[in-house]
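So you know, we letter chains A, B, ... as the sequences are listed, proteins then strands, and number each from 1. The shown structure was predicted, so the numbers you read here are calculated from the model rather than taken from an experiment.
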Number of protein chains: 2
Amino acid sequence: MSQTVDRALSILPLLAEGPADLGQVADRLGVHKSTALRLLRTLHEHGLVYRQSDQRYRLGARLFALAQEAMENLDVREIAHPHLARLNERCGHTVHLAVYEEGEVLYIDKVESRYPVRMYSRIGKPVAITVAAVAKLLLADLPEPERRTIAERLEYPLYTARSTPNAPAFLRELTKVREQGWATDLGGHEESINCVAAPIRGADGRVVAAMSVSAPNVVVTADELLTLLPQVRRTADDISGEYSGRTPAKDTVGP
Amino acid sequence: MSQTVDRALSILPLLAEGPADLGQVADRLGVHKSTALRLLRTLHEHGLVYRQSDQRYRLGARLFALAQEAMENLDVREIAHPHLARLNERCGHTVHLAVYEEGEVLYIDKVESRYPVRMYSRIGKPVAITVAAVAKLLLADLPEPERRTIAERLEYPLYTARSTPNAPAFLRELTKVREQGWATDLGGHEESINCVAAPIRGADGRVVAAMSVSAPNVVVTADELLTLLPQVRRTADDISGEYSGRTPAKDTVGP
DNA sequence: GGGTTGCGTTGCGTTATATGCAACGCTCAT
DNA sequence: ATGAGCGTTGCATATAACGCAACGCAACCC
């Protein structure tokens, strides 16, 4: 809509691939060097872009700070966190919280496993959308046409033999998840890792977030992990209640 | 430099404070609503801004993804991580990696303590610059005039009784840190938490990053933590060697 | 239920503003 | 020394961003 801003913002994903010098930026934007320079300078003033010692540009620190603040302002996250921590206390495994936004699913909170073997994931990292249990829950709640559109636009990387292979299979899985009200990922992303997930709903019943418990095979088998399902669902329901205002937050200590 | 981009980018920190509607954004930018609308639309197209169900705008998911990618492209981080993990294996405490950029110090990596009591911190969060051990190391390496300018511009919040109280005290501390080549934070940020830190240097000897080991009093006393100093310095030196190309990366397993 | 207020949204003419050019200056390597 | 390559500057032109005013649409209140 606004050409100048559009061009300036296009620089960010470009730099996300790695540092680049003025010429490279100008070329990839298809503009004159002087134009690119002015845009970069503006981005620099706002701290979104940093000029390293070899004169090349890369993404700046303000970006982290912004992402950080944005995260801390998410109210679901704030409400959910103590519940996630409590669940982690009880079962010891990694607990994740994720939301859907504009075609992406991303983790917004994580409580680390207390077992020495830990899985790799990071807050803010987009989730493997076709296989993750939380992603299935979040997508399953979208209106059917949107679900179809998204499913057909997605790619289906075969992380493992049990990954969702294509759109029809994914849509079938979403229907199942929608009906049963919970989801799993049994080695669909990494061979040895299983997850159980449950939805968190707002006052209107719409799914606003999803949470999951994940553990590697070497710690517990898939069957053992599934025995945690009731606990996970109860936790998710508690969060839903508090989020939608039905249940006031419980004080952890009396006055 | 570029008015339009400048205005658009000013929206981001504004939204970081919390969601806002069109009118609020327009007012705070001092522009007409239609102008604000166009800017917001452009930001929206790039995913930096999200429109929530109540029509208000807040920061978008792309921001997380960008910050994430930016972080993973930092080569110091990549080189340092296995060393940090190894140190954590040996001592069990929380290990941090931080860099300086344009007046801010921020954590770019963290390996969690293996003790049940953990300190609060998050990757990407700006560090308490006047007290953190890593911050002292990074600032101590700046040229003297810059150091002074920064020190005088800073605020000195008294987190605890042992926090750095003002600019002169801070500058004195920096001089000391610069000479001894390592730094500590003994309860300067949180009463019960101590840190020991060492600098990571590039080929030209300039400090490019700093790493620290942190632990609460309840786990180890400050004196006990200080006995780890040689290990911390050795780890930092190993990273420096690898980063500056002097030492080739060691294979963890043979062929 | 009609009127009103408070939003977001649209189209348009004007003018400020971003643009590309060409020339300059610098560093580095030949 | 000399050239190539890159970032930087000033400037005239034209484009694209601006504010305005009018519209559409709710919600709200009398």
Given atom CG of Leu29(A) and atom P of dA18(C), what is their separation to the nearest angstrom?
16 Å

Rounded off to whole Å, could you give me the CG-to-P distance for the Asp6(B) and dC18(D) pair?
11 Å

Determine whether Leu59(A) and Leu12(A) make a side-chain contact, defined as any pair of heavy atoms from C-beta on separated by less than 4.5 Å.
yes

Do Val134(B) and Met211(B) touch side chain to side chain, with heavy atoms closer than 4.5 Å?
no

Less than 4.0 angstrom from a charged side-chain N to a carboxylate O is my criterion; do [X] and [Y] meet it?
| X | Y | value |
| --- | --- | --- |
| Glu152(A) | Arg148(A) | yes |
| Glu17(A) | Arg28(A) | yes |
| Glu101(A) | Arg58(B) | yes |

For every nucleotide of nucleotides 3-17 of chain D, 5' to 3': is a protein heavy atom under 4.0 Å from its base (B), only from its sugar-phosphate (S), or from neither (-)?
----BBB------SS

Passing candidate, side-chain contact (heavy atoms from CB on, under 4.5 Å) with Leu87(B), options Thr235(B), Val111(B), Asp238(B):
Thr235(B)

Return the angle between end axes of the helix from dG1(C)-dC30(D) to dT30(C)-dA1(D), with five pairs used per end and rounding to 10°.
30°

Please lay out, stage by stage, how Arg206(A) and Asp204(A) fare under the test salt bridge (charged side-chain N to carboxylate O under 4.0 Å, His left out).
CA-CA 6 Å; Arg206(A) 292 282 313 268; Asp204(A) 53 1; 5.9 Å; no

Counting neighbours of CD on Glu155(B) that are heavy atoms of other residues, nucleotides or ligands and sit closer than 6.0 Å, is the number greater than 12?
no

